[in-house]
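The first residue of the sequence shown is numbered 1, and numbering continues consecutively from there.
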Amino acid sequence: QVQLVESGGGLVQPGGSLNLSCAVSALYPDHYTIKWFRQAPGKEREGVSCISSRDDKTHYADSVKGRFAISRDNAKKTVFLQMNSLKLEDAATYYCASDRTPWGACQQPFYQFAVWGQGTPVTVSA
């Protein structure tokens, strides 16, 4: 059973950077596709970025392309989301999520991401 724990959120000024971490507990952590979502108060949860376990390809929402970078450190069993040039609209609680089974697809429906971390809040404020 895969388990996920996020960390790294905090308060940052516009234009600043944060590096979020998603610790993946599983027999083979690198077999799990990991997707980052975010949810701001009063808004729907949206997909931000994903790294596929099938081919290590990465995917980004248009709103974060060129500013965010997702990566995986297999030795540390962690997926990172490096967020640069943060904007006020990036403020949200960020969650990492995975399918219950390995080799999921980044493009699979939202409801198939059945395992979630507790979330880490990101505040962007001057």
Side-chain angles (χ1 to χ4, degrees):
Q1 180 77 358
V2 60
Q3 293 182 320
L4 307 174
V5 177
E6 305 96 335
S7 62
L11 172 64
V12 64
Q13 293 184 339
S17 298
L18 282 175
N19 190 22
L20 304 185
S21 299
C22 175
V24 183
S25 297
L27 185 58
Y28 300 104
D30 58 318
H31 289 188
Y32 290 85
T33 288
I34 301 296
K35 189 165 185 174
W36 284 95
F37 293 83
R38 67 185 180 187
Q39 187 167 23
K43 294 188 177 181
E44 292 187 356
R45 192 167 297 192
E46 63 170 334
V48 175
S49 183
C50 185
I51 185 164
S52 172
S53 59
R54 297 179 179 184
D55 52 16
D56 279 337
K57 285 187 176 178
T58 57
H59 304 263
Y60 299 93
D62 288 342
S63 58
V64 306
K65 277 181 182 175
R67 300 188 298 120
F68 290 13
I70 191 171
S71 62
R72 186 195 298 268
D73 186 325
N74 291 329
K76 294 182 179 180
K77 302 180 180 180
T78 301
V79 172
F80 298 99
L81 184 67
Q82 176 66 44
M83 307 188 297
N84 299 322
S85 303
L86 283 162
K87 303 176 180 180
L88 293 174
E89 53 264 40
D90 293 318
T93 298
Y94 284 70
Y95 302 87
C96 58
S98 175
D99 199 336
R100 293 192 189 278
T101 57
W103 314 117
C106 281
Q107 296 85 356
Q108 66 190 27
F110 169 85
Y111 61 83
Q112 288 191 292
F113 287 93
V115 180
W116 293 77
Q118 81 287 355
T120 186
V122 172
T123 303
V124 184
S125 175

Separation between [atom1] of [X] and [atom2] of [Y], rounded to the nearest 0.5 Å:
X	Y	atom1	atom2	result
Asp73	Asp30	CG	CG	11.0 Å
Gln108	Lys35	CD	NZ	8.0 Å
Gln1	Thr101	CD	OG1	10.5 Å

Plane angle bin for Phe110 and Phe37 - parallel if under 30°, tilted between 30 and 60°, otherwise perpendicular: perpendicular

Do [X] and [Y] belong to the same hydrophobic cluster, where Ile, Leu, Val, Met, Phe, Trp and Tyr are linked whenever their side-chain heavy atoms lie under 4.5 Å apart, directly or via other members?
X	Y	value
Phe113	Leu4	no
Ile51	Phe80	no
Val122	Val64	yes
Trp36	Tyr60	yes
Val115	Leu27	no

Between [X] and [Y], is any pair of side-chain heavy atoms under 4.5 Å apart?
X	Y	result
Gln112	Arg100	no
Ile70	Val79	yes
Ser7	Thr120	no

Of the non-hydrogen atoms in [X] and [Y], which two are nearest, and what is the gap between them?
X	Y	answer
Pro14	Leu88	CG-CD2, 3.9 Å
Arg72	Thr33	NH2-CA, 4.3 Å
Thr78	Ser21	CG2-CB, 3.9 Å
Val24	Val2	CG1-CG2, 3.8 Å

Test item: Arg54 side-chain N/O and Trp103 main-chain N/O as donor-acceptor pair under 3.5 Å: yes

Side-chain (Glu6) to main-chain (Gln118) donor-acceptor, under 3.5 angstrom: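 Indeed, once roles are kept as given, a pair shorter than 3.5 Å links the two residues.
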
Pair listing, side chain to side chain donor-acceptor pair (under 3.5 Å) test, anchored in residues 83-97, at least two apart: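 For residues 83-97, and leaving out neighbouring residues, the side chain to side chain donor-acceptor pair (under 3.5 Å) pairs sorted by first residue read Ser17-Asn84, Arg38-Asp90, Arg38-Tyr94, Arg67-Asp90, Gln82-Asn84.
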
Ser125 and Leu11: CA distance, side-chain angles, deciding distance, side-chain contact (heavy atoms from CB on, under 4.5 Å) verdict: CA-CA 7 Å; Ser125 175; Leu11 172 64; 4.1 Å; yes

Qualifying disulfide bond (SG atoms under 2.5 Å apart) pairs with a residue from residues 28-91, counting only residues at least two apart or across chains: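 Sorted result for residues 28-91: Cys50-Cys106.
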
side-chain contact (heavy atoms from CB on, under 4.5 Å) partner of Phe68, chosen from Leu81, Thr58, Leu20: Leu81

